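Here's the structure we're looking at; comments come further down.
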Number of protein chains: 2
Amino acid sequence: MTQSILVVDDDPVFNGVLVRALARRGYEVSSAMDAETTLTAANALAPEAVVLDLNLGSVSGLNLIQPLLAIAPDCRIVVLTGYASIATAVEAIKLGATQYLAKPVEVDAIIAALDDIPESGVPADAPPPADPLSVDRLEWEHIQRILREHDGNISATARALKMHRRTLQRKLAKRPVRA
Amino acid sequence: MTQSILVVDDDPVFNGVLVRALARRGYEVSSAMDAETTLTAANALAPEAVVLDLNLGSVSGLNLIQPLLAIAPDCRIVVLTGYASIATAVEAIKLGATQYLAKPVEVDAIIAALDDIPESGVPADAPPPADPLSVDRLEWEHIQRILREHDGNISATARALKMHRRTLQRKLAKRPVRA
DNA sequence: TTTCCGATGCGACAATCCGTCGCATTTTCC
DNA sequence: GGAAAATGCGACGGATTGTCGCATCGGAAA
């Protein structure tokens, strides 16, 4: 079991939630919200694992992978991003990340990725997370995050999600699916 | 410039088009349409590069990556798939593929991937996307990740996602939304 | 080897949802 | 103050979903 984890995300709310969830499960957790603090913390703590967001202000989290591995070569880096793409996933893994996950993702999946040390890429005997997000819940969380990033602007959110504004309004009018 | 390329795709039309396009550009091209032929050809030809489809009947192209690299360790493998997902991209790169591209893709992009030999891994090629994933795309990625965690078991995946098995089958049968 | 269980594929149907349209109102920004 | 954008929402045709049910297949257990 991994002991020390550094969580890197510029969203303080997300950072806090994830740090608490990991601490609750017995991990030593620290956090950073920008590139400079990340490398300072890595130098000081030599974490065994890093949960790394890609959108860190003007700096891409991709640019932190190799410096982090230079500091702690055995460090497992799990990239976690709200702006996922196959291209950046390929790049991240080539640069040395262990795993790449798109937000929103359940904490158990993050932990599974952190603890995973597969030789072949397929986790040996690792059971799947007991309770992945349902598709409805996934959609709700995703919509809420993008809506927040657009300051509650429904039209802009619908455009960003490539969804019709009417459809988004209908979805928002519903009570969210219980987790 | 790479000289010998093995194209692996079970679609004869696609195979023919790509083989001719690569031959026209001066490459020595051979092709295979199933797993067994692929390994036989690789043993005989020791290609410098392989363009590898993932959907090869009942065998996943992912399962060919390591056998191919065992035969030709310096071989560059570019994975092409019409059912691209982050989960399979991550797995392909971890297994040793050089690049992973979603169909439809232009021949020039395939060639660029085949010839690409990055030394430093500077991630200038893959900036993070400006837009978040659409809801449809996010759903596809989530389904693919959970499906892999359940070893391709559709019934178990449907239960985990709290979705009807019939619905999941319909979603899996569709080509995913372009990223 | 046989049996049983779970997985799988898929058509059909009713219910639900989505994309679209359009109009009126409200809010924001210049 | 005015223009532009955002917002709310009903209605309609088409698409999708949940459900049902049946047949087939593969693997595990007896």
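Labels below follow one simple rule: chain letters A, B, ... track the order of the sequence lines, proteins then strands, and each chain is numbered from 1. Everything numeric in this text was worked out from a predicted model, so none of it was measured.
Ion pairing of A/Lys162 with B/Asp131 is present here, as a side-chain N (NZ or NE/NH1/NH2) and a carboxylate O approach within less than 4.0 Å. A salt bridge is absent between B/Glu139 and B/Arg145; no separation between the charged side-chain nitrogens and carboxylate oxygens falls under 4.0 Å. A salt bridge links B/Glu91 with B/Arg148: at least one charged nitrogen is closer than 4.0 Å to a carboxylate oxygen. A salt bridge does not link B/Lys174 to B/Asp136: none of the charged side-chain nitrogens sits closer than 4.0 Å to a carboxylate oxygen.
In terms of the side chain to side chain contact (heavy atoms under 4.5 Å, CB included) criterion, residue partners of A/Met163 (sequence neighbours excluded) are, by chain and number, A/Ile143, A/Leu161, A/Thr167, A/Leu168, A/Lys171, B/Val135.
Distance NE2 (B/His150) to C1' (C/dT8): 16 Å, rounded to an integer number of Å. When the P atom of C/dC29 is taken as reference, atom CG of A/Asp151 falls 10 Å away, rounded to whole Å. With rounding to whole Å, A/Asp136 atom CG is found 15 Å from C/dT16 atom P. Rounded to an integer number of Å, the gap from CE of A/Met163 to C1' of C/dT20 is 15 Å. Going from atom CG of A/Leu168 over to atom C1' of C/dT20 covers 15 Å, rounded to whole Å. Across the protein-nucleic acid pair, B/His164 atom NE2 and C/dA14 atom P stand 17 Å apart, rounded to whole Å.
Direction of the helix axis in the helix from C/dT1-D/dA30 to C/dC30-D/dG1 shifts by 70° between the two five-pair termini, rounded to 10°.
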Begin from the C-alpha positions of A/Thr81 and A/Tyr100 and carry the test side chain to side chain donor-acceptor pair (under 3.5 Å) through to its verdict.
-> CA-CA 8 Å; A/Thr81 176; A/Tyr100 180 106; 5.0 Å; no
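A cation-pi arrangement, defined by a distance under 6.0 Å to the six-membered ring centre and an angle within 45 degrees of its axis, is absent between B/Lys103 and B/Tyr83.
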Just the table, please: protein N/O against nucleotides 7-14 of chain D N/O, every pair under 3.5 Å.
unit_1, atom_1, unit_2, atom_2, d
D/dT7, OP1, A/Ile154, N, 3.3
D/dT7, OP2, A/Asn153, OD1, 3.3
D/dT7, OP2, A/Ile154, N, 2.8
D/dT7, OP2, A/Ser155, N, 2.7
D/dT7, OP2, A/Ser155, OG, 3.3
D/dG8, OP2, A/Gln169, NE2, 3.0
D/dG8, N7, A/Arg165, NH1, 2.9
D/dG8, O6, A/Arg165, NH2, 3.1
D/dG10, N7, A/Arg166, NH2, 3.4
D/dG10, O6, A/Arg166, NE, 3.0
D/dA11, N6, A/Arg170, NH2, 3.1

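Among the nucleotides C/dA7, C/dC18, D/dT16, the one closest to any side-chain atom of B/Lys174 is D/dT16.
Heavy atoms only, all atoms of each residue included: B/Leu54 and B/Leu62 are closest at CD2-N, 3.7 Å.
An OP1 or OP2 oxygen of D/dT17 is reached within less than 4.0 angstrom by a side-chain nitrogen or oxygen of B/Lys171.
Using a 4.5 Å cut-off on side-chain heavy atoms (C-beta onward), A/Ile110 and A/Leu114 make contact.
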